[in-house]
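Please read the structure below before turning to the comments.
Ligands are counted one by one from 1 in listed order, and the atoms in each one are counted from 1 as well.
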Amino acid sequence: MAKKEIMNACHLYPMPIVLVGAKHEGRVNFMPAAFCGILNINPPIVALGLSKMHFTSRGMEENGVFSINLPSVEMVEATDYCGVVSGHKVDKSGLFKVFYGKLETAPMIEECRLNMECKLVQKVALGVDTAYIGEIVASYCEDKYMDGKMPDMAKLNPLIFSMGDNTYWSIGKNVGKAWSIGKGYK
Ligand SMILES: Cc1cc2nc3c(=O)[nH]c(=O)nc-3n(C[C@H](O)[C@H](O)[C@H](O)COP(=O)(O)O)c2cc1C
């Protein structure tokens with residue numbers, strides 16, 4: 001076996017990039033996060049691994065709500081910009097068209113094809129980052145990006161991320177139907 005032990009890290013490739021939205025001190029703010037994942041299907045629960053120092057994290061703690069917005073590949077520059085400047089120093093509130101849903105205080109981005117508004121249900125301090133665990137209370141998408149009842153991944157054209165070389169990617173080809181293609185495998 002030619003494998004050797006490599007630097008120990010969270011080697012998960014690829015990762016989705018989301019724009020996390022919150023309001024802090026009355027100002028709307030967004031930041032990209034790659035540390036985002038699903039924890040539970042019903043109720044729908046997600047977790048974000050964030051530094052509690054971010055302007056966005058402060059807003060999540062202030063209001064107990066946040067949003068998750070999926071940028072498409074076309075939004076790569078705006079997404080990256082939100083990650084290179086902080087709301088502590090730069091006002092990012094005018095970058096996107098903002099709308100609100102049921103929670104009324106979780107700002108969502110109209111330009112993103114898929115949006116979820118979340119209630120912060122738990123916080124776990126882990127080390128450098130804190131796990132912000134949120135229940136999704138409502139999701140939003142236009143018909144043109146849907147396939148029946150569910151969003152269509154190809155139409156969403158999500159921006160994805162590779163940590164290590166710090167590069168953005170787009171998705172590749174569909175290679176098979178899940179819970180199906182493996183049924184005959186021996
Ligand atoms: C591609 C990318 C992914 C990022 N992922 C995370 C993440 O998962 N967790 C985190 O705490 N910061 C992450 N950041 C850093 C924040 O987005 C960045 O520090 C941002 O400026 C914070 O903005 P704010 O202070 O306005 O909230 C990421 C940045 C980039 C560019």
Side-chain angles (χ1 to χ4, degrees), residues 7-39 44-100 103 105-136 156-172:
M7 190 188 84
N8 196 24
C10 296
H11 294 293
L12 288 173
Y13 307 100
M15 302 158 91
I17 277 285
V18 299
L19 280 165
V20 184
K23 230 173 165 176
H24 182 42
E25 293 169 346
R27 178 149 50 83
V28 165
N29 196 71
F30 297 100
M31 62 161 273
F35 299 175
C36 177
I38 299 168
L39 296 186
I45 306 275
V46 286
L48 291 163
L50 306 180
S51 159
K52 60 182 193 312
M53 306 306 286
H54 293 317
F55 194 86
T56 312
S57 319
R58 299 267 170 90
M60 290 162 71
E61 300 200 10
E62 182 187 323
N63 297 301
V65 299
F66 62 95
S67 70
I68 293 180
N69 307 270
L70 251 67
S72 55
V73 164
E74 296 80 356
M75 293 179 69
V76 63
E77 286 174 5
T79 302
D80 194 61
Y81 176 74
C82 289
V84 294
V85 298
S86 169
H88 289 296
K89 290 198 171 153
V90 175
D91 181 355
K92 296 186 255 183
S93 64
L95 291 176
F96 306 108
K97 278 188 221 142
V98 169
F99 73 101
Y100 292 90
L103 293 172
T105 45
M108 289 178 278
I109 300 175
E110 211 164 296
E111 292 88 336
C112 287
R113 297 178 183 178
L114 183 61
N115 317 87
M116 291 159 272
E117 51 174 340
C118 308
K119 206 165 55 184
L120 181 62
V121 291
Q122 213 173 313
K123 246 177 30 176
V124 184
L126 296 172
V128 171
D129 292 322
T130 295
Y132 290 88
I133 300 174
E135 178 176 345
I136 302 169
L156 294 178
N157 196 17
L159 187 60
I160 52 181
F161 176 65
S162 159
M163 198 168 60
D165 64 351
N166 289 341
T167 49
Y168 296 105
W169 293 69
S170 60
I171 58 166

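Geometrically, ligand 1 and Met31 share no nitrogen or oxygen pair separated by less than 3.5 Å. The distance criterion of under 3.5 Å between nitrogen or oxygen atoms is met by Thr56 with respect to ligand 1. Every N/O-N/O distance between Val84 and ligand 1 stays at or above 3.5 Å. Residue Ser51 places at least one N or O, backbone or side chain, under 3.5 Å from an N or O of ligand 1.
The two atoms that bring Val73 and Trp169 nearest to each other are CG2-O, 4.4 Å, heavy atoms only. The nearest pair of heavy atoms linking Ser170 to Asn157 is CB-OD1, 4.4 Å. Closest heavy-atom contact between Asn69 and Gly21: ND2-N, 4.1 Å. The two residues Val85 and Lys92 come nearest to each other via the heavy atoms O-NZ, 2.8 Å. Taking each heavy atom of Glu62 and Lys23 in turn, the nearest pair found is OE1-O, 4.2 Å. Nearest heavy atom pair, residue Leu39 against residue Ala47, reads CD1-CB, 3.6 Å.
Residue Cys118 holds its SG atom at 9.0 Å from CE of Met108, rounded to the nearest 0.5 Å. In this structure, CG in Leu103 is found 10.0 Å from OG in Ser67, a value given to the nearest 0.5 Å. A distance of 4.5 Å separates OH of Tyr132 from OG of Ser57, quoted to the nearest 0.5 Å.
Of the heavy atoms in Lys92, only side-chain atoms (C-beta onward) come closer than 4.0 Å to ligand 1. Within the 4.0 Å heavy-atom criterion, the part of Asn29 lying near ligand 1 is the side chain and not the backbone. Using a 4.0 Å cut-off between heavy atoms, Ile17 contacts ligand 1 through its side chain alone, with no backbone atom that close.
Of all protein heavy atoms, the one lying nearest to atom 18 (C) of ligand 1 is Gly83 O, 3.4 Å. Residue, atom and distance of the protein heavy atom nearest to atom 25 (O) of ligand 1 are Ser86 OG, 2.6 Å. Closest to atom 21 (O) of ligand 1 among all protein heavy atoms lies Val85 O, 2.9 Å. Atom 17 (O) of ligand 1 has its closest protein heavy atom at Pro32 O, 2.9 Å. Atom 1 (C) of ligand 1 has Tyr168 OH, 3.3 Å as its closest protein atom, hydrogens excluded (heavy atom only). Distance from atom 5 (N) of ligand 1 to its nearest protein heavy atom, with residue and atom name: Ala34 N, 3.1 Å.
Shown in contact with Phe35 at under 4.0 Å from a heavy atom are these atoms of ligand 1, numbered in order with element: 8 (O). Close approach of ligand 1 to Phe55 is summarised as follows: ligand atoms under 4.0 Å from at least one heavy atom of the residue are 24 (P), 25 (O), 26 (O), 27 (O).
Met53 pairs by the side-chain contact (heavy atoms from CB on, under 4.5 Å) definition with Ser51, Arg58, not counting sequence neighbours. Partners of Pro107 according to the side-chain contact (heavy atoms from CB on, under 4.5 Å) rule, which considers only residues two or more places apart in sequence or in another chain, are Val28, Phe30, Val98, Tyr100.
Between the choices Gly87, Gly59, Cys82, Gly49, the shortest heavy-atom distance to atom 26 (O) of ligand 1 belongs to Gly87. With distances taken over non-hydrogen atoms, the option nearest atom 15 (C) of ligand 1 out of Lys52, Arg58, His54, Met163 is His54.
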